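Since the structure comes first, as structure tokens, the remarks are kept for the end.
Counting begins at 1 with the first residue of the sequence. Side-chain atoms are counted along with the backbone in the values below, which use heavy atoms only and exclude waters and symmetry mates. Just so it is clear, the model here is predicted, and its values are computed rather than measured.
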Amino acid sequence: MNIIQLEEVNSTNLYAKENLDSLEDKTVIIANSQTCGRGRFDRKWVDLGVGNLFMTIVLKPSNSFEEVYANLTQYLSVVLAKVLEEYGLSPKIKWPNDVMVNDGKISGILSETVMQGNNFKGLVLGIGVNLNADKDDLKQIKERVATALNIELEREYIDKKLFTEKLLIEFFKNYEEFLKNGFSMIKKYYVDRCNFLGKEISVKVFNDKKSGVAKEINDSGELVIEDGKNEFILTMGDIL
């Protein structure tokens with residue numbers, strides 16, 4: 001893979017989209033500082049400093065968009081969970097792709113598809129991981145409880161280069177197989193790490209809210225909830 005290391009950028013995803021035509025498949029963009037990082041639903045991703053990971057993977061797997069590409073954020077959440085387990089942690093996955101450690105969010109994942117008319121140009125798969133922070137840093141994140149790897153491990157510093165290598169090796173190890181087999185390939189691992197199934201939950205989907213019992217994650221990676229009368233199949237949203 002080709003790795004591009006940037007000192008500062010507005011967003012690694014935005015950089016990837018702006019330069020997509022000249023970037024090869026599986027190019028990895030890493031920035032030391034990110035001034036306008038974004039998560040899902042245009043939420044801001046707070047830059048906690050140079051010791052943290054801001055990375056985008058450029059993927060051009062075909063000339064047309066395939067349904068499985070929509071599950072790549074879930075695949076990446078599984079990849080991240082496996083790496084965190086190597087560090088001795090027990091991460092949980094909050095649908096669709098939030099990775100949690102002890103109820104604190106440790107990462108943000110955002111995939112963006114690039115089209116030119118009806119032509120699929122590729123997608124950019126971005127991830128931010130809190131590796132090195134102190135508790136005062138985390139207070140900058142207002143929307144939800146957050147955590148960082150060094151805090152969970154009670155270490156002064158986590159080696160970002162080593163962590164990034166582990167993440168990329170794990171990602172590409174089964175990437176091609178995932179494109180062939182889809183979400184069903186990771187479903188058992190994913191479901192085993194979901195701690196909300198069978199519970200009463202509410203899911204915000206833009207300006208709408210659905211409430212009910214989280215019944216299952218289906219073979220497409222969608223969340224199925226029941227409210228006693230109706231069954232809802234959700235492709236996106238935030239569990240409140």
Side-chain angles (χ1 to χ4, degrees), residues 13 37-46 65-85 89-113 123 125-130 138-139 141-148 152 171 174 178-240:
N13 265 27
R38 293 181 300 114
R40 292 186 308 126
F41 304 114
D42 262 345
R43 283 190 291 258
K44 182 180 179 183
W45 182 258
V46 177
F65 184 82
E66 305 290 342
E67 285 186 14
V68 67
Y69 302 161
N71 297 111
L72 277 166
T73 59
Q74 290 170 305
Y75 173 70
L76 183 52
S77 71
V78 164
V79 166
L80 175 58
K82 288 181 177 180
V83 172
L84 293 174
E85 286 172 355
L89 298 178
S90 300
K92 298 294 182 184
I93 297 174
K94 181 181 175 185
W95 182 87
N97 54 50
D98 283 350
V99 178
M100 317 292 289
V101 179
N102 292 324
D103 296 324
K105 183 174 176 178
I106 200 167
S107 73
I109 295 172
L110 177 66
S111 177
E112 297 180 90
T113 302
L123 56 88
L125 183 59
I127 183 170
V129 186
N130 297 334
L138 296 177
K139 290 177 183 176
I141 303 170
K142 307 294 185 183
E143 293 176 338
R144 63 192 66 200
V145 176
T147 191
E152 295 298 330
F171 181 87
N174 297 307
F178 178 78
L179 293 184
K180 292 177 184 176
N181 298 314
F183 182 77
S184 60
M185 185 184 110
I186 61 169
K187 182 179 177 181
K188 184 179 187 310
Y189 182 98
Y190 184 96
V191 169
D192 285 349
R193 281 150 189 82
C194 291
N195 58 1
F196 57 86
L197 292 175
K199 298 179 180 177
E200 186 84 22
I201 63 169
S202 293
V203 181
K204 184 179 180 183
V205 186
F206 296 107
N207 294 322
D208 192 18
K209 187 168 78 169
K210 302 293 185 187
S211 297
V213 174
K215 183 181 175 183
E216 66 170 329
I217 304 293
N218 66 21
D219 289 341
S220 298
E222 298 163 326
L223 174 60
V224 182
I225 64 174
E226 287 183 336
D227 67 359
K229 297 178 181 178
N230 302 298
E231 182 177 274
F232 304 102
I233 300 175
L234 305 179
T235 59
M236 66 175 65
D238 267 339
I239 296 177
L240 302 176

Decide yes or no for [X] and [Y]: does some side-chain heavy atom of the first lie under 4.5 Å from some side-chain heavy atom of the second?
X	Y	result
Tyr75	Val68	no
Ile217	Leu197	yes
Leu123	Tyr69	yes
Phe196	Leu223	yes
Pro91	Glu85	yes
Ile109	Leu125	yes
Asn130	Thr147	no
Asn195	Met100	no

Measure the [atom1]-[atom2] distance between [X] and [Y] for me, rounded to the nearest 0.5 Å.
X	Y	atom1	atom2	value
Asn181	Asn71	CG	CG	12.0 Å
Ser211	Lys204	OG	NZ	13.0 Å
Leu89	Glu152	CG	CD	6.5 Å
Asp192	Lys187	CG	NZ	11.0 Å

Q | For Asn97 against Tyr190, the heavy-atom pair lying closest together | A | N-OH, 4.4 Å
Q) What is the minimum heavy-atom distance between Asn13 and Gly126, and which atoms define it? A) OD1-CA, 3.2 Å
(Q) Other residues, nucleotides and ligands only: do more than 12 of their heavy atoms fall within 6.0 Å of CG on Asp103? (A) no
